[in-house]
Amino acid sequence: MIKTVMHEIELTKANRLRLAEAFRHSKRVDYSIDCVVEGQMGRAYADDTAKPTAYCIGTGPFRYFAGDARGPGGVGMVRGLEPYLLLMPSGPGWPEVWREVYGERLHDFPRYSFGTESLSAEHLEGLLEGSRYRDSIVPVTADLAEKIARQGEDYLEIGDFDSPEDFEERGIGFAAFVGDEVIGTAYSSLVCSKGIEVSIFVGEGHRRKGAATALASRLVLECLRRGLRPNWDAANPESHRLALKLGFTFAGAYDAYYAAR
C-alpha cells in the first residue's frame with residue numbers, strides 16, 4: 001500500500017542546492033521555482049527528508065514536481081495534495097501519475113506564456129497617457145496593502161510575502177482609485193532576482209473600461225525602469241489579449257491541471 005507523504009523541507013543552503021539540481025531542466029512558465037530555489041518565497045516538500053527521491057515546490061496554489069514520479073515517494077506525494085491546487089509543468093512521468101491517482105477527477109486547461117523582447121517603454125507610456133485612470137494610480141505601500149485587504153475580494157494576493165511591510169520592501173504594486181475606492185491593482189505576486197510575476201485584478205463593476213490596461217502599463221514600465229523582467233502567464237483569453245495589447249510576444253500554450261474532490 002502506497003502511503004500519503006508530503007514533508008516540508010527547510011530552505012537551507014544545502015536543500016536549495018538540491019532543489020536547484022532537481023528542477024534544473026524543469027520548464028519555467030513563471031518564477032515559482034526560482035523564488036523557492038533562491039529562498040525568496042514559497043515552500044518546498046520532499047517524500048523523505050533524509051533521502052528524498054521526489055520533490056514538490058509550491059507558491060500560492062501552484063505546484064511543481066521533480067524527481068522519481070513513479071516511485072512510492074512520488075506517488076505518495078501526489079496522493080497528499082489538497083484538491084484544486086494547480087499542477088504545473090513538471091518532469092517526465094508526473095502527468096501520467098496525476099492521471100493514475102486522480103482518474104476522472106483530474107482536469108486539464110490551457111495557459112499561455114509570453115516573451116518580453118518586444119516590450120517598448122514608449123508604447124506603454126502612450127497607453128498610460130491616454131488613459132482616464134492615469135492620474136488615479138498610486139504605488140501600493142504597506143498601509144495601502146492593509147486597506148486593500150480589508151476591502152476584500154482578490155485585489156491583492158500577497159500571501160507569499162512575509163507581511164505587507166515585506167511587500168512594500170521587496171514587491172512592486174499599483175492601485176487605481178475612483179474616489180476613495182480601490183477599483184483595481186497590478187502587482188508582483190512573486191519576486192526573485194530575475195524579475196516579478198505580474199498579477200492584475202479589477203473589480204467587477206469597473207472592468208472593460210481601461211483600468212487593467214493602465215495599471216498593467218504602469219507596473220511593466222516600473223519593471224523596465226528597474227531592469228526587472230515582468231513575467232506574464234495568462235490563464236484566460238482576457239489576460240492573453242491584454243498581454244498582446246501591452247506589447248508582450250506570445251510564446252505558446254501549455255497544459256496545467258487540477259484535481260476536483
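Quick note: residue numbers are just sequence positions, from 1. The figures here come from the full heavy-atom set of this structure, side chains too, leaving out hydrogens, waters and symmetry mates. Quick caveat, the model's predicted, so the values are computed rather than measured.
Test Asn231, Ile196, Val191 against Tyr31 for side-chain contact (heavy atoms from CB on, under 4.5 Å) and you get one pass: Asn231. The one candidate from Phe248, Phe114, Trp232 that meets the ring pair (Phe, Tyr, Trp, His ring centres under 6.0 Å) condition with His240 is Phe114.
Heavy atoms only, all atoms of each residue included: Arg43 and Glu8 are closest at CD-OE2, 3.4 Å. For the pair Cys223 and Pro230, the tightest heavy-atom approach, listed with the atom from each and the gap, is SG-CB, 3.9 Å. The shortest non-hydrogen separation linking Ala214 to Leu128 is O-CD1, 3.5 Å. The two residues Val5 and Gly73 come nearest to each other via the heavy atoms CG2-O, 3.6 Å. Shown here for Leu215 and Gly184, the closest heavy-atom pair between the two residues is CD1-C, 3.4 Å. Considering every non-hydrogen atom in both Ala175 and Val140, the closest pair reads N-CG2, 3.9 Å.
With sequence neighbours left out, the ring pair (Phe, Tyr, Trp, His ring centres under 6.0 Å) criterion links Phe161 to Phe167.
Ser120 contributes a side-chain N or O that, together with a main-chain N or O of His123, makes up a donor-acceptor pair within less than 3.5 Å. Panel note: side chain Arg16, backbone Glu38; a donor-acceptor pair is recorded below 3.5 Å. The backbone N or O of Ala142 lies less than 3.5 Å from a partner atom in the side chain of Glu168, making a donor-acceptor pair. Ser239 places no side-chain N or O within 3.5 Å of a backbone atom of Ala234 that could act as its donor or acceptor partner. A distance-only check finds a donor-acceptor pair linking the side chain of Arg105 to the backbone of Ala260 [under 3.5 Å]. No side-chain donor-acceptor contact under 3.5 Å links Ser136 to the backbone of Val178. Arg28 places a side-chain N or O within 3.5 Å of a backbone atom of Ser26 that can act as its donor or acceptor partner.
Residues Glu222 and Arg225 are paired through a salt bridge, judged by an N-O separation under 4.0 Å between the basic side chain and the carboxylate. Between Glu82 and Arg63, no side-chain nitrogen of the basic residue sits less than 4.0 Å from a carboxylate oxygen of the acidic one, so the salt-bridge criterion is not met.
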Candidate pair Asp47 and Thr53, rule side-chain hydrogen bond (donor to acceptor under 3.5 Å, both in side chains), full reasoning: CA-CA 7 Å; Asp47 61 324; Thr53 65; 2.6 Å; yes
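The aromatic rings of Tyr155 and Phe201 lie perpendicular to each other, with more than 60° between the two planes, well past the 30° mark.
Using a 3.5 Å distance cut-off with no hydrogens or angles, the side chains of Tyr55 and Asn15 do not pair a donor with an acceptor. No donor-acceptor contact under 3.5 angstrom links the side chains of Asp160 and Thr59, judged on distance only. Counting only N and O atoms by type, the side chains of Asp30 and Ser32 include a donor and acceptor under 3.5 Å apart. Using modelled atom types and a 3.5 Å distance limit, the side chains of Glu157 and Ser199 yield no donor-acceptor pair.
Counting heavy atoms from C-beta outward, Pro61 and Tyr84 have side chains that stay 4.5 Å or more apart.
Shown here is Glu169, whose CD atom has no more than 12 heavy atoms of other residues, nucleotides or ligands within 6.0 Å.
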